[in-house]
Engineer: 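Pasting a structure here, questions to come.
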Amino acid sequence: MLVILKLDAAPEHVSKICEKIQSRECTAHVIPGAQRVAIGVTGNMANVSRDDFLRMESVVDVVRVSKKYKLVSREMKPDDSVIDVQGEKIGGSALQIIAGPCSVESRQQLHDIAGPLREMGIKFFRAGAYKPRTSPYAFQGMKEKGLELLDEIKKEYGMRIVTELKDSETLEQVLATADILQIGARNMQNFSLLEKIGQTCKPVFLKRGLAASIEDLLMSAEYILSQGNYEVILCERGIRTFETMTRNTLDLNAIPVIRATSHLPVFVDPSHGIGIWDMVPPMAMAGVACGANGLMIEVHNKPEEALSDGFQSLTLKNMKALLEKLKELAPIVGKTLECK
Ligand code: PEP
Ligand code: MN
């Protein structure tokens, strides 16, 4: 349910409504917007009715939200959510690029990649310290040492760090380093982990599961928002289909569908989506063309020596060439790409 208030609703009216919602054992979510203030109500709807709120001060209307997902829906919040990550905006008209290697492999490797990316004007650096791998015998990441190295990168280059959270045991550690917590495809439906990060105030980058529908992805985001963390960025990274010539099938349909149904920013990860380095740039362009708020791209200084996902990683030179093309494309789709 959504309680819609006048734009200039007095704070004490907002508090009174929230208190009433809580007294009915439901949760109140205050959603400020450009046109209106709204209070989302989640929990057992049998405890509340429209009439409970209709005559309260500042209330304009009370509406039922028809979708299964509530807080992530555009019905709840018509305006795009814009997430501020240490002064850099994700969502709205900014086109943001998150780039870096699949995994942290060594200090030298990180510097050799982050330095040139920073020079290109990239503000978000990605690399996994904890890697959830399909095989238990594959490289599992540098773990704590990897996080320390990412801290160094953050200090030296002023880049914002996006790194994966694999389990709740490492939450405190990863929170201390990450500016954005990445939840990988394999954990998209780890609901207890989603609830835990919903109780933090760290932005979350939530990747679509290998066999998850768009609605599944939105419901997973709802788990995070339902706990009070509204800073979620969705990511289309390809799904499993019968196709065998590419690693995954990048479902670009998801982008306009999510843009229409949710206010959350949505990114495309063409690296995992297609899995073949020389086909990453066209799919990156396609992602931007269909409305993504940003891209996550795997970049490596020596892709042939990478400990994970080398085959889908762009060299620094190829990343630079892609940025040149994106610079031309961005204004055509009403986006601004700040890079050199
Ligand atoms: C990654 O970003 O390196 C990764 C493991 O992605 P996904 O969870 O989408 O497979
Ligand atoms: Mn990877």
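Order of appearance sets the numbers: ligands from 1, and atoms from 1 within every ligand. Numbers here simply count residues along the sequence, with the first being 1. In this text the structure is predicted, and so the values were computed from the model without any measurement.
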Engineer: Evaluating non-hydrogen atoms only, which member of K166, R247, M296, E164 is closest to atom 5 (C) of ligand 1?
Structural biologist: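 It is E164 whose heavy atom sits nearest to atom 5 (C) of ligand 1.
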Engineer: Starting from atom 2 (O) of ligand 1, what is the nearest protein heavy atom, named by residue and atom, and what distance separates them?
Structural biologist: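 Answer, as residue, atom name and distance: R126 NH1, 2.7 Å.
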Engineer: For E152, does the CD atom have more than 12 heavy-atom neighbours from other residues, nucleotides or ligands under 6.0 Å away?
Structural biologist: yes
Engineer: What do you reckon, does C102 put a non-hydrogen atom under 4.0 Å from ligand 1?
Structural biologist: yes
Engineer: What is the closest protein heavy atom to atom 6 (O) of ligand 1, and at what distance does it sit?
Structural biologist: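 Of every protein heavy atom, K207 NZ, 2.9 Å lies nearest to atom 6 (O) of ligand 1.
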Engineer: Once side-chain hydrogen bond (donor to acceptor under 3.5 Å, both in side chains) is applied, what residue pairs with a partner in residues 157-166 remain, sequence neighbours excluded?
Structural biologist: H111-Y157
Engineer: Any idea which of H272, R208, R237 brings a heavy atom closest to atom 1 (C) of ligand 1?
Structural biologist: H272
Engineer: Take atom CD of E25 as the centre, draw a 6.0 Å sphere, and report whether it contains more than 12 heavy atoms from other residues, nucleotides or ligands.
Structural biologist: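 Atom CD in E25 is not crowded, with 12 or fewer foreign heavy atoms closer than 6.0 Å.
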Engineer: To which protein heavy atom is atom 8 (O) of ligand 1 closest, and what is the distance rounded to 0.1 Å?
Structural biologist: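 Protein heavy atom with the smallest distance to atom 8 (O) of ligand 1: A185 N, 2.7 Å.
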Engineer: State the atoms of ligand 1, each with its element, that fall below the 4.0 Å cut-off from a heavy-atom position in K131.
Structural biologist: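 In order of number, 1 (C), 3 (O), 5 (C).
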Engineer: Going by the side-chain hydrogen bond (donor to acceptor under 3.5 Å, both in side chains) test, which pairs reach into residues 209-221, not counting sequence neighbours?
Structural biologist: K68-E215, S213-D216
Engineer: Nearest heavy-atom pair of N229 and I197: which atoms, and what distance?
Structural biologist: ND2-O, 3.3 Å
Engineer: Before signing off on this row, confirm whether E298 and ligand 1 have an N or O atom pair separated by under 3.5 Å.
Structural biologist: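 E298 vs ligand 1: N/O contact under 3.5 Å present.
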Engineer: Is there a path of hydrophobic side-chain contacts, each under 4.5 Å between heavy atoms, that joins V41 and L225?
Structural biologist: no
Engineer: For the Mn ion (ligand 2), report each protein N, O or S atom nearer than 2.8 Å, sorted by chain and then by residue number.
Structural biologist: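 Near the Mn ion (ligand 2), below 2.8 Å, one finds C102 SG, H272 NE2, E298 OE2, D309 OD2.
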Engineer: Taking atom CD of E328 as the centre, does the number of heavy atoms from other residues, nucleotides or ligands within less than 6.0 Å exceed 12?
Structural biologist: no
Engineer: Is it the case that atom CD in E12 sees more than 12 heavy atoms from other parts of the structure closer than 6.0 Å?
Structural biologist: yes
Engineer: Hey, does V72 have a side-chain heavy atom less than 4.5 Å from the side chain of L234?
Structural biologist: no
Engineer: Within a distance under 4.0 Å of any heavy atom of G184, pick out the atoms of ligand 1 and give their elements.
Structural biologist: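 So the atoms of ligand 1 that pass are 8 (O).
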Engineer: Only counting residues at least two apart or in another chain, list the ones meeting side chain to side chain contact (heavy atoms under 4.5 Å, CB included) with R133.
Structural biologist: K131, A138, F139, Q140, S308
